[in-house]
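To keep things clear, I will list the structure first and then write my remarks on it.
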Amino acid sequence: MSFDALRPRGRPAHTPGTTVLTYTPDGRRIITGGSNSAIRIYTVGEDGEPKTIDEGVDAHFGIGATNGSFIMGAEDGTVWQYDILSGKMQNLLVRCALPVRDIAVTRDGEWAAVASDELTVKMVKIDDMTQVKYLREQSKGTKHVTFDPNGRYATVSGTDGILYIYSLHEEEPELVRKLDGVIRRLEPDAEATSRAVWHPDGTAFASAEATREISIYSTTEWKKEKTFAGGHTGDITALSWAPNGTLLASAAADGQIVLWEAKTQKILQRYDFGNVMNLAWHPTKNSLSFTTSDGELFIYDNFVPKDHESLLQKSLQAAPIFPGPLGEISSNVQRTTLADRSKEAIQRAARRGTPDSLDDILGGDEEMGDFVDDDDGAGYAEDELNIYGKRPNGHLNDIGGPDSKRIHSGGSLQPLAHPPLQPGSTPWAGSRRYLCLNLIGAVWTVDQETHHTVTVEFYDREAHRDFHFTDPYMYDKACLNDNGTLFANSPSDGSAATIFYRPHETWTTRADWRTQLPEGEQVRALALSDSYIVAVTSKDYVRVYTLFGTPFKVYRQKSQAVTCAAWRDYIMSIGNGPIGVDGRHTSLRYTVENVKRDEICQNEDTVALPEGASLQSVFFSDSGDPCIYDSTGVLLVLQHWRTPGQARWVPLLDTKQMARLAGGRKEETYWPVAVAQDKFHCIILKGGDKNPYFPRPLLSEFDFQIPISSVPPKDSHESEEAAAERTEGSRFEESFVRGNILLSLFRDLLSSTNATASQRSDMARRELDLDKNLLQMLAIECREGEERGMKALELVAMMTDRNGKMLEAAAKVAQRYGRGVLEDKIRDMAERRVMGMGDDDELA
């Protein structure tokens with residue numbers, strides 16, 4: 001399957017569960033709510049962090065918006081109105097006794113309907129909450145409520161499987177139809193949808209059937225007119241019409257979003273996205289946004305492929321409810337733009353109810369409009385006007401020939417590059433964010449609009465004093481170690497980017513320094529070691545400074561800069577490389593260099609990430625080994641990285657396999673901080689939180705656990721002793737592999753440095769511990785019986801015994817369990833080692 005658009009990356013917005021979204025009518029913002037208390041406001045066209053409102057209640061299930069405010073309905077039954085610019089709560093519009101399930105706002109932005117588990121749907125006037133109307137005819141609670149675009153009807157989807165249609169022509173809503181068999185009977189919290197989704201022209205609506213088909217019902221006789229069939233194999237969870245009614249998007253539990261042509265009911269494209277709960281088209285652009293039950297928001301720009309984008313550029317089309325060519329009359333009807341229709345809807349609402357209402361005389365917009373005739377036969381009536389009311393240039397040929405010979409430069413698939421990453425930093429949470437979090441302390445900043453205020457806190461306050469300063473440069477990156485604090489900014493006003501270093505201690509009057517990068521160059525990531533300062537920039541330069549500001553080295557890396565890390569004289573830079581195996585995302589390439597010796601240890605090697613995963617953090621361990629933590633929750637270390645061409649990424653811990661998460665007992669993820677003292681230091685994030693919170697959270701640490709195998713559950717015919725022994729054997733196997741990896745890293749360190757006596761002693765202790773581990777594994781094999789003798793002898797051969805004591809202990813283990821043949825072979829192996837011969841013959 002080929003795509004003309006880039007597949008979007010999910011934006012973590014809320015904790016897993018019901019996640020709702022809506023556009024503001026002007027299309028400038030997207031508001032999302034979910035199962036937590038946070039509300040996100042995204043600015044369309046900007047990739048920055050959304051505005052977060054965290055003063056609301058938990059579990060937002062209903063959402064609606066005008067250009068100036070938005071409305072959220074929650075599980076506790078409250079419906080609050082928020083100001084869209086400040087994000088502050090304005091009014092409690094209405095309160096229900098039971099959870100709110102859905103909210104709909106009329107096109108003129110005057111009324112909001114609230115569906116809840118109560119029997120009555122409440123319609124409240126947004127500007128005057130004292131004015132309330134009631135839709136009372138439901139026999140059970142309601143799951144959805146919608147308004148038709150012309151403001152004539154309200155449709156209520158009951159949990160009893162009945163669709164209630166109310167007329168809004170009179171002062172009090174009047175039930176005009178009860179349609180049974182149109183929607184499914186669903187529980188209020190079911191992910192499947194029973195919503196009546198109105199076509200933009202207001203003459204028909206679409207609904208999902210139990211057969212997983214989508215039907216269109218007209219308002220003339222309230223009967224089924226057309227069906228979209230064969231699109232899904234799972235329950236349909238969301239439907240949304242394109243703003244001009246030419247296309248329909250549907251999502252289902254089968255992990256597919258399907259794009260349909262409305263007029264022909266044919267499938268134009270399929271997209272693989274799982275757990276989609278809500279869909280929303282941008283009011284004017286070729287963009288579709290949707291949320292998932294994982295709490296993520298996707299903004300899919302250029303959603304409609306270029307081959308079919310012309311459909312989206314047409315003016316408002318009639319609903320596909322007429323057979324044959326009659327459905328094509330819309331090419332000469334309603335030449336108004338979407339903005340004009342919004343304006344007209346407001347004017348109609350203002351006129352409605354007056355004695356001389358033009359709607360009553362003319363019969364509504366669907367029956368009367370501005371006609372555009374194809375008088376000169378130029379064909380523009382077929383091409384139609386675009387959503388801006390302009391004639392498209394589709395009837396014009398390029399100089400080089402007709403359309404069929406055009407080459408569209410934008411038609412090729414563009415790779416998805418990994419965004420820049422500053423290890424230890426977080427996005428904005430309200431007006432605060434962490435610039436750096438590690439084992440030394442934390443650096444955070446507070447946005448004061450005209451400036452920032454920066455605070456640096458240390459865990460060891462006896463070694464360093466906390467400090468606080470006003471930041472006019474608005475630093476957005478920082479590094480912290482025992483020597484000093486490093487900052488950098490990314491100015492948006494065109495001024496030069498600044499790097500600022502402040503040492504913790506100095507024997508001179510002033511030792512901090514500041515430098516600016518060349519004009520037009522921004523810092524993508526910073527790193528600070530005991531010896532050097534490193535910055536990778538938007539021009540893909542790697543800039544290296546001494547701790548006191550002397551430029552030491554600058555070069556352009558071979559890949560697009562993403563992030564960097566540093567330890568003593570070593571720096572590691574990571575950048576976007578070629579497209580990976582999935583054909584969409586770029587692979588990441590890393591380089592490790594000794595700056596002082598001007599030696600490259602690893603040059604443009606691949607960062608080992610699974611398909612679809614992203615890099616969460618990169619850092620050096622306390623012993624100087626490069627480590628990464630990816631979005632799948634796996635911690636990896638770079639083994640043999642000092643030898644060119646020999647490096648490989650080895651997993652130290654898969655956090656999703658930890659015993660504390662077994663059986664789904666906990667819902668938590670882990671934010672990486674450091675690797676030190678052979679442990680993984682992190683911050684535990686509960687629920688669906690993606691980043692550390694304020695005030696500063698506590699650090700946790702976990703032992704490494706190599707993902708070797710999962711222990712199968714106890715068999716019904718297996719004794720308790722046998723199951724316990726099998727579990728113990730798996731534990732020893734993991735311990736052996738882990739010990740081998742850590743020993744290898746330690747050997748590499750000692751071989752590249754002047755090893756001290758204590759380090760050499762530590763090496764001998766590690767080797768002895770590994771041999772003891774093998775000895776325990778040998779005991780298990782001996783208990784299993786003589787038939788396991790080959791593996792038992794293999795374990796003995798893997799011992800690094802230097803003085804024969806461990807081989808003697810192994811022989812005694814075999815003797816204890818009565819394995820005479822094995823004992824003889826172990827003693828023969830010991831003799832051969834004393835004679836300087838190998839073990840291969842014995843193993844054979």
Side-chain angles (χ1 to χ4, degrees), residues 623 625 637 639-640 642-643 646 648 650-652 678 703-709 711 724-752 755-844:
S623 57
D625 295 306
V637 66
Q639 188 183 28
H640 303 315
R642 293 177 178 85
T643 306
Q646 297 298 307
R648 61 189 173 200
V650 177
L652 290 177
D678 291 345
D703 292 327
F704 299 149
Q705 185 175 356
I706 311 298
I708 298 297
S709 64
V711 180
E725 190 168 280
R726 181 162 47 82
T727 302
E728 186 181 31
S730 297
R731 181 169 58 85
F732 285 138
E733 289 174 352
E734 185 279 331
S735 179
F736 172 70
V737 176
R738 171 163 41 90
N740 247 332
I741 293 171
L742 297 180
L743 179 61
S744 169
L745 295 173
F746 195 66
R747 280 174 177 163
D748 288 350
L749 174 64
L750 266 58
S751 65
S752 63
T756 64
S758 62
Q759 287 178 323
R760 289 191 292 270
S761 175
D762 192 17
M763 169 74 80
R765 180 189 59 79
R766 290 172 183 252
E767 291 177 343
L768 180 61
D769 288 344
L770 208 59
D771 284 350
K772 289 180 178 178
N773 196 103
L774 288 169
L775 199 63
Q776 291 169 316
M777 295 169 65
L778 173 65
I780 294 176
E781 297 302 318
C782 288
R783 285 198 295 267
E784 290 294 325
E786 192 73 55
E787 66 275 6
R788 302 287 286 270
M790 295 294 288
K791 181 177 180 180
L793 188 61
E794 180 187 60
L795 293 173
V796 176
M798 287 190 283
M799 292 180 176
T800 58
D801 185 22
R802 300 182 185 277
N803 52 25
K805 289 184 178 180
M806 294 306 297
L807 291 181
E808 179 62 27
K812 289 181 179 180
V813 169
Q815 183 184 38
R816 177 184 177 184
Y817 289 99
R819 309 294 178 232
V821 176
L822 176 62
E823 179 188 358
D824 293 341
K825 288 186 173 293
I826 293 175
R827 296 192 183 281
D828 289 344
M829 182 184 295
E831 292 178 4
R832 293 174 66 83
R833 286 195 181 183
V834 171
M835 298 172 60
M837 301 174 64
D839 304 326
D840 294 342
D841 293 339
E842 290 297 328
L843 290 176

Measure the shortest side-chain to side-chain distance between Ser730 and Ile708 over non-hydrogen atoms and say whether it is less than 4.5 angstrom.
no

Quick check against the 3.5 Å criterion: does Asp771 have a side-chain atom that pairs as donor or acceptor with the backbone of Thr800?
yes

Smallest separation among heavy atoms of Arg766 and Leu742, with atom names
NH1-O, 3.9 Å

Is the shortest heavy-atom distance from the side chain of Met829 to the side chain of Ile826 under 4.5 Å?
no

Using a strict threshold of under 4.0 Å (side-chain N to carboxylate O), is an ion pair present between Asp769 and Arg765?
yes

Closest non-hydrogen atom pair, Val813 against Ala779
CG1-CA, 3.9 Å

Could you tell me which non-hydrogen atom of Met763 sits nearest to which non-hydrogen atom of Arg747, and how far apart they are?
CE-CG, 3.1 Å

Determine yes or no for a side-chain-to-main-chain donor-acceptor pair under 3.5 angstrom, with Arg738 supplying the side chain and Leu652 the backbone.
no

Heavy atoms of Phe746 and Gln759 approach each other most closely as CE2-O, 3.5 Å

Sequence neighbours excluded, which residues qualify as salt bridge (charged side-chain N to carboxylate O under 4.0 Å, His left out) partners of Lys791?
Glu733, Glu781

Could you tell me whether the side chain of Gln646 and the main chain of His640 form a donor-acceptor pair under 3.5 Å?
no

Is the side chain of Ser752 donor-acceptor paired with the backbone N or O of Asp748 at a distance under 3.5 Å, no angle test?
yes

Pairwise side-chain contact, Met799 with Leu775, heavy-atom cut-off 4.5 Å (strictly under)
yes

Does Gln705 have any side-chain hydrogen bond (donor to acceptor under 3.5 Å, both in side chains) partners at least two apart in sequence or in another chain, and if so, which?
none

By salt bridge (charged side-chain N to carboxylate O under 4.0 Å, His left out) - contacts of Arg827 (at least two apart)
Glu808, Glu823

A side-chain contact here means heavy atoms from C-beta on lying under 4.5 Å apart; do Arg819 and Leu778 qualify?
no

